[in-house]
Amino acid sequence: MSSSNSHKAIFRIVRRIPAGRVATYGQIAELAGLPRRARLVGYAMHRCPKNLPWHRVINAQGRISLPADGTSAMTQRRRLEDEGVTFIGGRVDLSRYRWGGEST
DNA sequence: ATTATGACTGCAG
DNA sequence: TCTGCAGCCATAA
């Protein structure tokens with residue numbers, strides 16, 4: 001088994017992110033037992049299941065890691081704002097919305 | 001097998 | 001704020 005396990009572990013973590021919270025790629029990688037594999041998380045997100053709350057995953061700068069002019073980026077931002085996450089200057093205040101890995 | 005690319009990140013200039 | 005670079009690793013060609 002190669003990447004399947006990693007992807008599975010990643011998806012499992014993403015599924016635990018509560019609404020109204022966000023997590024960074026690096027954070028998810030770490031929680032999934034894959035320290036420093038942030039890039040792998042990004043790759044996994046690129047082809048994640050539809051049921052996955054992929055919109056709650058953003059980069060370490062609090063920004064959406066997708067072309068700002070793309071429809072996906074807008075969908076992501078809209079869904080987050082819909083959950084109560086506010087954007088300031090095009091980015092999210094991680095010190096406030098970052099998920100700590102806690103259960104809900 | 002090798003090279004290039006990408007929804008990453010942290011550090012340096 | 002922005003650019004560049006070194007780690008990272010699955011895919012594609």
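In what follows, chains carry the letters A, B, and so on, assigned in the order in which the sequence lines appear, proteins first and then strands, with residues in each chain numbered from 1.
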Nearest heavy-atom contact between A:A60 and A:L94 is O-CD1, 3.3 Å
Open item on the list: Applying side-chain contact (heavy atoms from CB on, under 4.5 Å) to A:T24 and A:N59, what does each step give before you reach the verdict?
Closed with: CA-CA 5 Å; A:T24 67; A:N59 63 32; over 6 Å; no
Pull out every protein N or O sitting under 3.5 Å from an N or O of nucleotides 5-7 of chain C, one pair per line with the distance.
unit_1 : atom_1 : unit_2 : atom_2 : d
C:dG7  : O6     : A:R39  : NH1    : 3.2

Side-chain contact check for A:R91: nearest option of C:dC8, C:dT1, C:dA10 is C:dT1
C1' gap between B:dG6 and C:dC8, integer Å: 12 Å
Here the gap from A:I28 atom CD1 to A:W99 atom CH2, rounded to the nearest 0.5 Å, amounts to 8.0 Å
- Task: Select base, sugar-phosphate, or nothing to describe what A:S72 touches, counting heavy atoms under 4.0 Å on all strands.
- Result: nothing
Residue pair A:R63/A:R37 against DNA chain C: nearer the 5' end by closest nucleotide is A:R63
| said: What's the gap between C:dA13 and B:dA1 when it is taken at their C1' atoms, as a whole Å value? | reply: 13 Å
Correct closest heavy-atom pair for A:V85 and A:R21 would be CG2-N, 4.3 Å
message: Surrounding CZ of A:R15 (heavy atoms of other residues, nucleotides or ligands, distance under 6.0 Å), is the total greater than 12?
response: yes
So the contacted stretch of DNA chain B, first to last nucleotide with an atom under 4.0 Å from a non-hydrogen atom of chain A, runs from B:dG6 to B:dG10
A:M45 atom CE is separated from C:dT11 atom P, nearest whole Å, by 14 Å
Taken to the nearest whole Å, CG/A:L40 to P/C:dA10 is 6 Å
In whole angstroms, the gap separating C1' of C:dC9 from CG of A:N5 amounts to 15 Å
Quiz prompt | Electrostatic pair A:R79-A:E83, nearest N-O below 4.0 angstrom | solution = no
Judged by modelled atom types alone, do A:Q61 and A:R91 share a side-chain donor-acceptor pair under 3.5 Å?
-> no
Looking at A:Y25, is A:R39 sitting on its ring face, NZ or CZ under 6.0 Å from the six-membered ring centre and within 45 degrees of the normal? no
- Task: Look at atom CD of A:E30 and say whether more than 12 heavy atoms of other residues, nucleotides or ligands are closer to it than 6.0 Å.
- Result: no
Here the distance between atom C1' of C:dC8 and atom CD of A:E30, to the nearest Å, is 14 Å
A:H46 atom NE2 is separated from C:dC8 atom C1', nearest whole Å, by 18 Å
